[in-house]
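Accompanying notes for the structure given below.
So you know, we letter chains A, B, ... as the sequences are listed, proteins then strands, and number each from 1.
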Number of protein chains: 2
Amino acid sequence: MFQIAPTIKDVARLSGLSTATVSKYLNGFSVKEQNRIKIESAIKSLNFSVNSLARGLKTNRTMTVGVLIPSLENIFATSIVSHIERVLQEHGYSTIICDYNGSAKLENAKFDFLMNRFADGIIIMPLGLSEEKVRNALEKDVPIISIDRPMKNRECDVVLADNMNASYNAVEHLITRGHREIGIICGPQDIYTAQERLKGYLRVHEDYGMQVDEKNIKYGDYGIQSGYDMMKSFIKESGRVDAVFVTNYEMTLGAVMAINEMNIRIPDELSFIGFDNQHLATVVKPNLTIVVQPIRQIGECAAELLLRRLNGDKTNHPAVYRLKTELHEGHSVR
Amino acid sequence: MFQIAPTIKDVARLSGLSTATVSKYLNGFSVKEQNRIKIESAIKSLNFSVNSLARGLKTNRTMTVGVLIPSLENIFATSIVSHIERVLQEHGYSTIICDYNGSAKLENAKFDFLMNRFADGIIIMPLGLSEEKVRNALEKDVPIISIDRPMKNRECDVVLADNMNASYNAVEHLITRGHREIGIICGPQDIYTAQERLKGYLRVHEDYGMQVDEKNIKYGDYGIQSGYDMMKSFIKESGRVDAVFVTNYEMTLGAVMAINEMNIRIPDELSFIGFDNQHLATVVKPNLTIVVQPIRQIGECAAELLLRRLNGDKTNHPAVYRLKTELHEGHSVR
DNA sequence: TTGTACGCGTTATCAC
DNA sequence: GTGATAACGCGTACAA
């Protein structure tokens, strides 16, 4: 009943050759034609496949890349990963995906797990990954690519969106449409993307010679509930602002809920710009104007960069790829 | 620069003990107190961690579970996985997540990948996984749990939602509210869940002595576009149906887009019931009445079942867990 | 309780 | 082109 996995030895025995020859065949070296046939038939009849644990132990390469994201329920993250995976797979790499459930502690643990499993490289959307771990990895020649936000120490390659200009352009869009009191729902200010997005808001005000009213800036936590709460508080201070810009997907979701609940007519009573996720934008009425991040490009760029690093190309390290966002116009801005 | 990973030998040398002792310590056996201290300090100063490849090679266990889903962008799937992961982690297991991008071929390849990496067990949302592979795995004592839909051969444990009754209850809700011409947008009829959901629709008609009009049944492909198309065609045959039930999340998304575009007033002109995803339901106006699947329970049940199997408990195999769905009432039904 | 010696399945280095 | 054999790092008899 319990079936023990066949090994190269078994294949060698069955085909009357040595393990060395079989191993060579398995690794793409040339073998005498008739031996090739023997080996192939032996493999088939034994249903043999190489033990990648043993192979990894020997070669120190596993042809596996680890991807670490905050949460599997973060659609932004998983979308990027699916592009990463596609590119890597085309180059013979498998992908192991882990999530750390928004916990820096778990993040560090999972990072260890991946290193331990001998991931040849790691792509991570970092939170509080210890700098030491990154340095360790780099020293062991395991390339690390950071996506969406830079690592604290900035010692590693990073691929991200141009958050500052994303925000700048969105708010500028509102300004050129005649809005003057523009509310913004930001993320936590200890998070890089949130800082950048606020910076864009501030800078465009400066460039247009507009005073920033502190009351127009509200801080959420990038979660649905906080988007809902902040939006509601904007609405309750009726008339304070004539437009609101929400700076991530989850908070956009919450803000729309609040708008619906309070029966605010968009864009007549209030203009609105959201973030990420085109599906959400087209499913609500009126269609939302939103900032769209270059999800596909982020994924592809990160994967290709990693592949270069895996091939020993260390030019330009640490590299920074800052990709442009787009403003998709719906009908939520007057 | 290039740092070679320390081994048990190194730890043994540094602590003046043998590899055997160190190994015992690492595996939780008791060691003399002063030796324990020596070992721990050696481990720390070397920054040692066990090579899990070597360990796995030796023990045939990796404490790793593979999870295989159709797509990372399938929020239903990833939500389940996040619950699976939480439970497994509490029991010392790591999780490797793979997606097969909706391709049965890739699905089989990734399954091999997981088996090959010595996943101790596998949880899969299957599409066209070869029965042979499943049997092979079971023979090698690697438990396989199917989620969301049963495997073709039905030889393996499965945890899923009660799709038939989900659909039955949704349509019954429409009937008791006075609807008689009820449209349904189904999934592809070669997919299990789609079959079951249609079955519920048919059965409730039967039970209420209502004739089923073939024209009220439209077949999509579970994708956004098809939900949009089918909904539009219902709308165009104006008056055909006075309610529409959409049977998965993506098609619900598409259907809502069509409704918005055609300016159909819900529920005045048309009653509507969607599927999955509470966020979508609360974000559109009016809030949608939807079928909610027991995502958390599916994940937890699958993980716990797998843990039992991993511990050698084979009672009741192949087990079937059919979990109840709920109908969340919004304001989209008249 | 501790140490020695060997095996796990594979690859790489030699000789042939 | 092929075959014998020494690693890779860990777990575990077995003996001490």
Side-chain angles (χ1 to χ4, degrees), chain A residues 2-40 42-43 46-64 112 115-120 140-142, chain B residues 2-40 42-43 46-64 112-113 115-120 140-141:
Chain A
F2 183 80
Q3 190 179 325
I4 196 72
T7 74
I8 288 196
K9 264 188 190 161
D10 299 320
V11 177
R13 230 186 320 262
L14 189 60
S15 58
L17 297 166
S18 78
T19 60
T21 310
V22 177
S23 173
K24 282 194 189 119
Y25 164 82
L26 289 171
N27 289 290
F29 292 86
S30 60
V31 191
K32 211 193 284 179
E33 183 62 11
Q34 45 172 298
N35 288 341
R36 204 190 64 129
I37 297 170
K38 281 186 202 163
I39 293 175
E40 282 174 355
I43 287 177
L46 288 172
N47 192 21
F48 164 88
S49 67
V50 291
N51 182 325
S52 41
L53 255 50
R55 174 180 277 177
L57 182 60
K58 188 67 191 171
T59 60
N60 269 323
R61 294 189 76 201
T62 57
M63 294 303 284
T64 299
D112 286 342
M115 286 299 294
N116 209 334
R117 277 303 140 81
F118 289 0
D120 292 344
K140 284 182 187 164
D141 236 25
V142 177
Chain B
F2 182 81
Q3 191 177 325
I4 197 69
T7 75
I8 286 194
K9 261 188 191 161
D10 299 322
V11 177
R13 231 189 318 265
L14 189 60
S15 57
L17 297 166
S18 78
T19 60
T21 309
V22 178
S23 172
K24 289 210 182 98
Y25 165 81
L26 289 171
N27 290 290
F29 292 85
S30 59
V31 191
K32 210 194 280 176
E33 184 61 12
Q34 45 172 300
N35 289 341
R36 204 190 63 128
I37 295 169
K38 281 187 202 161
I39 293 176
E40 281 174 354
I43 287 178
L46 288 172
N47 193 20
F48 163 86
S49 66
V50 291
N51 181 325
S52 40
L53 255 48
R55 174 182 275 177
L57 182 60
K58 189 69 190 165
T59 60
N60 271 322
R61 293 189 79 202
T62 58
M63 294 303 284
T64 299
D112 285 343
F113 167 75
M115 287 298 295
N116 208 336
R117 278 301 142 81
F118 289 1
D120 292 344
K140 284 181 189 164
D141 234 25

Side-chain donor-acceptor distances from residues 51-61 of chain B under 3.5 Å, at least two apart:
| unit_1 | atom_1 | unit_2 | atom_2 | d |
| --- | --- | --- | --- | --- |
| B:N51 | OD1 | B:L53 | N | 2.8 |
| B:N51 | OD1 | B:A54 | N | 3.1 |
| B:S52 | OG | A:N116 | O | 3.1 |
| B:S52 | OG | A:N116 | OD1 | 3.1 |
| B:S52 | OG | A:R117 | NE | 3.1 |
| B:T59 | OG1 | B:R55 | O | 2.8 |
| B:T59 | OG1 | B:R61 | N | 3.2 |
| B:T59 | OG1 | B:R61 | O | 3.1 |
| B:R61 | NH2 | B:Y93 | OH | 2.8 |

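Here the P atom of nucleotide D:dC10 and the CZ atom of B:F29 are 17 Å apart, to the nearest Å. Taking atom CZ of residue B:R117 and atom P of nucleotide C:dG9, one finds them 17 Å apart after rounding to whole Å. Rounded to an integer number of Å, the gap from A:L26 CG to C:dA12 P is 12 Å. Rounded to whole Å, the distance from NZ on B:K24 to P on D:dG11 is 12 Å. Whole-Å rounding puts the A:R13 CZ to C:dT10 P distance at 12 Å. Atom P of nucleotide C:dT10 and atom CE of A:M63 are separated by 18 Å, given to the nearest angstrom. As a whole-Å value, the separation of B:Y25 OH from D:dT12 P is 17 Å. Summarising the geometry, the separation between CG on B:L53 and P on C:dT11 is reported as 13 Å, rounded to the nearest angstrom.
Annotation: the span from B:S23 atom OG to B:I39 atom CD1 amounts to 9.5 Å, rounded to 0.5 Å. Distance CG/A:L14 to CZ/A:F48: 12.0 Å, rounded to 0.5 Å. Distance NZ/A:K24 to OG1/A:T21: 6.0 Å, rounded to 0.5 Å.
Residue contacts shown for B:L17 are limited to sugar-phosphate atoms, with no base heavy atom under 4.0 Å away.
Scanning both residues, A:A119 and A:T62, for their nearest heavy atoms gives CA-OG1, 4.1 Å. In terms of heavy-atom proximity, A:A12 sits nearest to A:T19 at CB-N, 3.7 Å.
Checking B:K38, B:E40, B:K32 one by one against B:Y25, the side chain to side chain donor-acceptor pair (under 3.5 Å) holds for a single residue, B:E40.
Within the structure, a side-chain polar atom (N or O) of B:N27 is placed less than 4.0 Å from OP1 or OP2 of D:dG11. Within the 4.0 Å cut-off from OP1 or OP2 of C:dT11, not a single side-chain nitrogen or oxygen of A:T59 is found. Put simply, B:S30 has a side-chain N or O that comes within less than 4.0 Å of OP1 or OP2 on C:dT1. A close approach under 4.0 Å does not occur between any side-chain nitrogen or oxygen of A:S18 and OP1 or OP2 of D:dT2. For C:dT11, the OP1/OP2 oxygens have a side-chain nitrogen or oxygen of A:S23 closer than 4.0 Å.
Summary of the strand contacts: A:E33 and A:T19 both lie near DNA chain D, and taking for each the nucleotide with the nearest heavy atom, the more 5' one is attributed to A:E33.
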Are any protein N/O atoms closer than 3.5 Å to N/O atoms in nucleotides 7-9 of chain D? If there are, list each pair with its distance.
| unit_1 | atom_1 | unit_2 | atom_2 | d |
| --- | --- | --- | --- | --- |
| D:dA7 | N3 | A:K58 | NZ | 2.3 |

